[in-house]
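I have placed the structure first, in the form of structure tokens, so that the comments after it can refer back to it.
Here is the naming used below: chain letters follow the sequence lines, and residue numbers restart at 1 for every chain.
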Number of protein chains: 2
Amino acid sequence: MPTIEDVARHAGLSRTTVSRVINDQPYVCDEKRQRVVGAMRDLGYVPNSSARRLRSQKTETIAILLPRITNPFFSHMIEAMEKKASEWGYQVIICQTHYSSQKELDYLELIRTKQVDGMIMTSVHNEWSAIEEYLPSGPIVLCNENIEEANTSIIYIDQQEAAYDATTHLIEQGCQKLAFLSGGMDSSISLSRRRGFMKAVQKHNVSFVEHEDFNQAVDVESGRGIFQSIQQEDSDIDGIFTGSDEVAAGIIYEAMNKGISIPDDLAIVGFDNQTISKLMNPSITTIEQPVVEMAEKCVEILIQQIEQRGRHKREDYIFPHTLKKRSSTAKPMAIPM
Amino acid sequence: MPTIEDVARHAGLSRTTVSRVINDQPYVCDEKRQRVVGAMRDLGYVPNSSARRLRSQKTETIAILLPRITNPFFSHMIEAMEKKASEWGYQVIICQTHYSSQKELDYLELIRTKQVDGMIMTSVHNEWSAIEEYLPSGPIVLCNENIEEANTSIIYIDQQEAAYDATTHLIEQGCQKLAFLSGGMDSSISLSRRRGFMKAVQKHNVSFVEHEDFNQAVDVESGRGIFQSIQQEDSDIDGIFTGSDEVAAGIIYEAMNKGISIPDDLAIVGFDNQTISKLMNPSITTIEQPVVEMAEKCVEILIQQIEQRGRHKREDYIFPHTLKKRSSTAKPMAIPM
DNA sequence: TTGTAAGCGTTATCAC
DNA sequence: GTGATAACGCTTACAA
């Protein structure tokens, strides 16, 4: 591997001049510039990026923390983030926490050890106070979760309002007894959605059922399991807010197998407007988030913070959501309210 | 940010000794080891990884090239790769080529500029001769595509055999006129599958239809489009090999809308055994690949090559595939053969 | 406009 | 056991 020194010697010039050419700086006359370019080509020179990083204290790399990339919501988000980052000349390191707070901390070390210039967290599994410790090492921007105490910029949709809209829709369709599913008791997202659900339920004075495993609804399998337990123990539930298209798909799949009619016997709302929500039969009513726009905004903000240096105060970017009404809630004799 | 020098001063020792402690080397007495550890803690020291990279000529990072991460086949593959790499202490950079040969070359530069120690390519959009140029810079392992000329290790399933099995299954179910869909004329995967399809068709002397846009079948939308064109121009086709569960889902979706019965009027085979193939109604007959095992093997081989240095000769790792028979091909009056 | 030289933070070599 | 010292390959004051 030739170094800048080799190029300089080959061109009969100094390292400085070569460096200037590499970095497109002025103060090199055309003739020498050509000589350098020629020498680089002759030797097949490429700048060593480790050396550049050490010298310039920049990595042009960002880390994205997420639970699992196979969740389509996150894979769409990452797709857009990587694309945007790449346009700005940044690399993306992917960090799957698999819902572990320890792995989250391990990955946060990347910013302390200067392996990345900045970080995006799409989920948060530690107390904010623990994450805050890393802020002095470089910018961290949140995308998706809205942590109240967080003193850094955040991108999200109004989860409470979204859940309220979805729940109200179920009620408008004539549901009398609801269930609220979520992917965990502790996440900021689940908490907000629960608030929205409760607000709608209380406003319209509709009853609802709670159950331990309603808070473990994360994928198709858990959706299937929950349907079975509902059928055995709470078969009078006639409307479910799932918080996930995959969970909704699992429930619908199992319901069809058992001959339960969706939406007549049971109406269901998903979340995220994933491909599957359109393809299922019946198709799934769901909440759409502008993932791509959120992802792009997030990368822009992060890179801007990286390039400006210094500490940045919190700014909230709240994106709009949309209720996509489809067959899984289209009760024939819905009562207009 | 404290440096090793600061720690050394704080502990009243030399950089060397501190370095020995950091790297768990012998020849440091217990007392001084403790002093160093204490100093590191006091100062909140973390080793600077850019400096380490420069010094050791290693990045502990690998790049994974893929078309788009939103394709579930690839997101499952990446999930497993990242997990495995992380177990070995390696970072993963994600590189989406979006099917562009130029972007592929851009990302290959990562290995020349020593930003990564090695590389996994899950798709190939350049001539092998172009990619070969990068081999001297570091190991590149292929996972998924089987390039004949490639002089590097490869992991794949026998695509020809898989397509042959799927096509034979369609024929066994009584299909008389088939169609072969693929995601592009030029990829090694499409070519192998086409060979397998042709082999089955010729062996059983069944007819088939060719059409320009049958080679542009990449996602749900193109599946829908192709169904429409088939219905207009080739409505006597009664069996389709799609090469993709998403395309199959698109066709089924559209067929249901148009009142065409699957599999009675039209049987369909997908590929990859994605979540959606089980959930669609009718469920999709498909070919399963052991993605996770392939991904893990691939990372192991790559890391092994990285840590052994030197040039490695090609080895082929061929994984088994399985035909998952489901409703989309379950013709009631199938003729056993 | 060009070159000299001093680091960036580590680790490896060698002498003590 | 321990500690100077010289790289690793690059950028950037500062001098010329």
Side-chain angles (χ1 to χ4, degrees), chain A residues 1-37 39-40 43-61 109-117 137-138 309, chain B residues 1-37 39-40 43-61 109-117 137-138 309:
Chain A
M1 271 274 109
T3 73
I4 201 171
E5 174 76 49
D6 299 324
V7 177
R9 234 195 327 265
H10 191 92
L13 293 164
S14 74
R15 292 207 302 259
T16 313
T17 308
V18 177
S19 175
R20 290 204 178 98
V21 173
I22 294 169
N23 297 293
D24 271 323
Q25 284 169 16
Y27 305 122
V28 181
C29 73
D30 256 8
E31 185 253 324
K32 313 216 162 170
R33 193 176 289 272
Q34 289 319 314
R35 254 161 66 197
V36 170
V37 171
M40 295 203 296
L43 277 61
Y45 168 81
V46 284
N48 177 308
S49 82
S50 302
R52 289 184 127 174
R53 288 184 180 211
L54 177 56
R55 183 58 231 231
S56 61
Q57 312 278 36
K58 294 196 57 207
T59 64
E60 321 235 281
T61 305
E109 286 295 319
L110 288 176
I111 201 159
R112 281 223 302 158
T113 56
K114 302 285 176 231
Q115 310 211 46
V116 299
D117 294 336
S137 308
R309 304 273 168 148
Chain B
M1 271 272 109
T3 74
I4 200 171
E5 173 76 48
D6 301 323
V7 177
R9 232 195 328 263
H10 191 90
L13 294 163
S14 74
R15 292 205 302 260
T16 312
T17 307
V18 177
S19 174
R20 289 204 181 97
V21 173
I22 295 169
N23 296 292
D24 270 324
Q25 284 170 18
Y27 305 122
V28 180
C29 73
D30 255 8
E31 185 254 324
K32 312 215 163 168
R33 194 177 288 274
Q34 289 319 316
R35 252 159 70 196
V36 170
V37 172
M40 295 203 294
L43 279 63
Y45 167 80
V46 284
N48 177 309
S49 81
S50 301
R52 289 185 130 174
R53 288 184 180 212
L54 176 56
R55 187 57 233 229
S56 64
Q57 312 277 34
K58 294 195 57 207
T59 65
E60 319 237 280
T61 304
E109 285 295 319
L110 288 176
I111 201 159
R112 280 223 303 157
T113 56
K114 301 287 178 229
Q115 310 211 46
V116 299
D117 294 336
S137 309
R309 305 274 170 148

Checklist line | Atom pair CZ (B:Arg33) and CZ (B:Arg20), whose distance is rounded to the nearest 0.5 Å | finding: 10.0 Å

Next item on the list: Would you tell me if any nitrogen or oxygen in the side chain of A:Lys32 comes within less than 4.0 Å of OP1 or OP2 on C:dT2?
Entry: yes

Next item on the list: Determine the contact category for B:Pro26: base if any of its heavy atoms lies under 4.0 Å from a base atom, sugar-phosphate if only primed atoms, P, OP1 or OP2 are that close, otherwise nothing.
Entry: nothing

Margin query: Heavy atoms from C-beta onward define the side chain here; which of D:dT11, C:dT4, C:dG9 lies closest to that of B:Thr3?
Written below: C:dG9

Next item on the list: For the pair B:Ser14 and B:Thr17, evaluate side-chain hydrogen bond (donor to acceptor under 3.5 Å, both in side chains) and give the outcome as yes or no after the intermediate values.
Entry: CA-CA 5 Å; B:Ser14 74; B:Thr17 307; 3.2 Å; yes

Item checked: Sole candidate of B:Thr3, B:Asp6, B:Ile4 that passes side-chain contact (heavy atoms from CB on, under 4.5 Å) when paired with B:Arg15 -> B:Ile4

Notebook entry, point to check: Tell me: CZ of A:Arg15 to P of C:dT2, nearest whole Å?
Noted result: 17 Å

Note to self: Nearest 0.5 angstrom please: B:Glu31 CD to B:Gln34 CD, how far?
What the structure shows: 9.0 Å

Item checked: Interatomic distance, A:Arg52 CZ vs D:dT12 P [rounded to whole Å] -> 10 Å

Notebook entry, point to check: Does the C:dG9 base have a donor-acceptor partner in the side chain of A:Arg55 within less than 3.5 Å?
Noted result: no

Notebook entry, point to check: Does OP1 or OP2 of C:dT11 have a side-chain N or O of B:Ser19 closer than 4.0 Å?
Noted result: yes

Note to self: Reading DNA chain D from 5' onward, which residue's closest nucleotide shows up sooner: B:Cys29 or A:Glu5?
What the structure shows: B:Cys29

Margin query: For C:dT4, does the base pair up with any side-chain atom of A:Thr16 as donor and acceptor (N or O, under 3.5 Å, distance only)?
Written below: yes

Notebook entry, point to check: Could you give the OH-to-P distance, from B:Tyr27 to C:dA12, as a whole number of Å?
Noted result: 15 Å

Notebook entry, point to check: Using a cut-off of 4.0 Å on non-hydrogen atoms, how would the nucleic acid contact of B:Thr17 be classed: base, sugar-phosphate, or nothing?
Noted result: sugar-phosphate

Margin query: For a quick check of understanding: with a heavy-atom distance under 4.0 Å over all strands, which category does B:Val46 fall into, base, sugar-phosphate or nothing?
Written below: sugar-phosphate

Note to self: Among C:dG3, C:dT10, D:dT11, which nucleotide has an atom closest to any side-chain atom of B:Pro47?
What the structure shows: C:dT10

Note to self: Side chain of A:Leu54 only, heavy atoms from C-beta on: which candidate in C:dG9, D:dT12, D:dT11 is closest?
What the structure shows: C:dG9

Check: Atom CG of B:Asp6 to atom C1' of C:dT10: distance rounded to whole Å?
Finding: 13 Å

Check: Rounded to the nearest Å, what distance is computed from the CG atom of residue B:Asn23 to the P atom of nucleotide C:dA12?
Finding: 7 Å

Check: With side chains defined as the heavy atoms from C-beta onward, is the minimum distance between A:Ser50 and B:Arg52 less than 4.5 Å?
Finding: no

Notebook entry, point to check: Has A:Gln25 got a side-chain N or O lying under 4.0 Å from the OP1 or OP2 atom of D:dT12?
Noted result: yes

Next item on the list: Confirm from the modelled atom types if B:Arg53 and C:dG9 form a donor-acceptor pair under 3.5 Å, side chain to base only.
Entry: no

Next item on the list: Calculate the interatomic distance between B:Ile4 atom CD1 and D:dG3 atom C1'; express it in whole Å.
Entry: 13 Å

Next item on the list: In whole angstrom, give the distance that lies between atom CE of B:Met1 and atom C1' of C:dT10.
Entry: 15 Å

Next item on the list: Report the nucleotide, chosen from D:dT2, C:dT10, D:dC10, that has the shortest atom-to-atom distance to any side-chain atom of A:Asn48.
Entry: D:dC10

Next item on the list: Take the protein atom OH of B:Tyr45 and the nucleotide atom P of C:dG9, then report the distance between them rounded to whole Å.
Entry: 10 Å

Notebook entry, point to check: How would you label the contact of B:Glu31 with the nucleic acid (heavy atoms, under 4.0 Å): base, sugar-phosphate, or nothing?
Noted result: nothing

Next item on the list: State which of C:dA6, C:dT11, D:dT2 makes the closest approach to the side chain of B:Arg20.
Entry: D:dT2

Next item on the list: Give one of base, sugar-phosphate or nothing for A:Gln57, where a contact means two heavy atoms less than 4.0 Å apart.
Entry: sugar-phosphate

Checklist line | Pairwise distance OG1(B:Thr113) to CG(A:Asn48) - rounded to 0.5 angstrom | finding: 8.5 Å

